[in-house]
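The structure under discussion appears below in the form of structure tokens.
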Number of protein chains: 2
Amino acid sequence: MTSQEHGNGTAPRSRPRGTAFLLAQVGAHAAARFAERVGVLGVAPSDVGLLRMISTRPGRSQQSLAEELGVVPSRVVTLVDGLERKGLVERRRNPRDRRNYALHLTEEGSRVMAGMREVGAAHEDDICAALDEPQREQLAALLEAVAVQQGLTEGVHPGYRR
Amino acid sequence: MTSQEHGNGTAPRSRPRGTAFLLAQVGAHAAARFAERVGVLGVAPSDVGLLRMISTRPGRSQQSLAEELGVVPSRVVTLVDGLERKGLVERRRNPRDRRNYALHLTEEGSRVMAGMREVGAAHEDDICAALDEPQREQLAALLEAVAVQQGLTEGVHPGYRR
DNA sequence: TATTGTTATACTCTATAACTATA
DNA sequence: TATAGTTATAGAGTATAACAATA
């Protein structure tokens, strides 16, 4: 379980960059390219997760978003402020409990969400351009295995995490 | 947890997010874990690349580091300031051309570099814990192909990039 | 004039903690 | 008292641009 085991005859190809470094490198690159793309739609990467979560389960409270994302509530305030200012999200008061808001996408917000799906597909094709379809599935499966073993929450980018 | 009569999440683990998202997610996670580990050695992830580059080619100028990393020279000043304050790096004046510095690791800097290699190996084992050796090589090969096609510079984390 | 490095400044992102309104 | 959300503030990280020293 400890470090490098050079035994077993085969150590022909020294790995110049470790797998973990490659993961971080390629991952950061993918994130940066995605940021460029969604930037065209007028949103930041941190907005994207929020929009998707609100779209998936409309009426959510800011608190529930903060919990799932692993961020402090005040940050959700800032993010929702931005989305509201851009007219993508609406805060609706709940008459039963006037402490919390029910968050909903506006029509414009839904349009942007649709745009993001297109952007996501183009992004996917761009990043995986070096791989054919079986290779892409192989890569996805390997990453999925790592993600599960590392305890990553499905669909939540660690960039939110404290 | 608030009311949630929504179709409760039996997430089909087929392909929830795209491969590109998985890359960004797992990559950011790997980077965060690495930051934790090197933090124990008293350095930040941004220090690591610098130390390695100076270690590989001692006597480099700050300018050359800035170019290779794709950052503005003033940022290298800040980074080297930090490393010098920690006693890991030394700025030596070049008598031939007194405009630039020749950067060298101190003895302590070399010790930290050695520590980073151990940390790197442990990190690698941690991140790839879900995979056996053939799978790790497969993953590395796929990532390598993506990295090359995307034009990523070997060993340079895009986190430096503008 | 060009190059290397530095300083001064400002901007973005995010967390902490105190606060308001409601329950 | 407890909870949802907000505001005020501060810190880290990084870029831009003006600057000094040297060539």
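Proteins come first, then strands; the chains are lettered A, B, ... in the order of their sequence lines, and each starts at number 1. All values reported here derive from a predicted model rather than from experimental measurement.
The pair A/D81-A/K86 does not meet the salt-bridge criterion, since no charged nitrogen lies less than 4.0 angstrom from a carboxylate oxygen. Look at B/D47 and B/R52 and you find no salt bridge, because none of the NZ, NE, NH1 or NH2 atoms lies under 4.0 Å from a carboxylate O.
Along DNA chain D, the nucleotide nearest B/R99 and the nucleotide nearest B/G159 are compared for position; the residue whose nucleotide lies closer to the 5' end is B/G159. Comparing A/R96 and B/A102, the nucleotide of DNA chain C nearest to each residue sits closer to the 5' end for B/A102.
Contact annotation: B/R98 side-chain N/O to D/dA20 OP1/OP2 distance is not under 4.0 Å. Remark: A/R75 is in phosphate contact with C/dT14, judged by side-chain N or O atoms under 4.0 Å from OP1 or OP2. Phosphate contact (OP1/OP2 of D/dG5, side-chain N/O of A/Q63, threshold under 4.0 Å): present.
Atoms CD (A/E68) and P (D/dA4) sit 16 Å apart, rounded to a whole Å. Computed from coordinates, the B/D81 CG to C/dT7 P distance equals 7 Å when rounded to whole Å. Taking atom CG of A/L79 as the reference point, atom P of C/dT14 lies 7 Å away to the nearest angstrom. The distance from atom CZ of B/R60 to atom P of C/dT4 is 13 Å, rounded to the nearest whole Å. Taking atom CD of residue A/Q62 and atom P of nucleotide D/dT7, one finds them 11 Å apart after rounding to whole Å. Taking atom CG of A/N94 as the reference point, atom P of D/dT3 lies 17 Å away to the nearest angstrom. Taking atom CG of residue A/L69 and atom P of nucleotide D/dG5, one finds them 13 Å apart after rounding to whole Å. We find that CG of B/L50 is positioned 14 Å from P of D/dG13, with the value rounded to whole Å.
Side-chain atoms of B/S74 and base atoms of D/dT16 include a donor and an acceptor less than 3.5 Å apart.
Looking at A/T56, its side chain never comes within 3.5 Å of a backbone N or O of A/M53 through a donor-acceptor pair. Using modelled atom types, no side-chain atom of A/R136 and backbone atom of B/T19 make a donor-acceptor pair closer than 3.5 Å.
For the pair A/R92 and A/Y101, the cation does not sit on the ring face, since its NZ or CZ is not both under 6.0 Å from the ring centre and inside 45° of the axis.
For A/Y101, whose side chain is taken as the heavy atoms from C-beta onward, the closest listed nucleotide among C/dG5, D/dT6, D/dA4 is D/dT6. Closest contact between the side chain of B/V72 and the listed nucleotides D/dT6, C/dA15, D/dT16 involves D/dT16. When distances run from any side-chain atom of A/P73 to the nucleotides C/dA23, C/dT6, D/dT6, the shortest one goes to D/dT6.
Residue pairs meeting the salt bridge (Lys or Arg N to Asp or Glu O under 4.0 Å) criterion with at least one member in residues 61-77 of chain B, sequence neighbours excluded: B/R60-B/E68.
Within the nucleic acid shown, B/R93 has no heavy atom closer than 4.0 Å to any nucleic acid atom. As judged by a 4.0 angstrom heavy-atom cut-off over every strand, B/T78 is placed among residues making no nucleic acid contact.
Remark: nothing in residues 37-47 of chain A comes within less than 4.0 Å of DNA chain D through any heavy atom.
Relative orientation of the A/F34 and A/H123 rings is tilted, given thresholds of 30° and 60° on the angle between their planes.
Grouping the Ile, Leu, Val, Met, Phe, Trp and Tyr side chains by contacts below 4.5 angstrom, directly or via other members, places B/L142 with B/L131.
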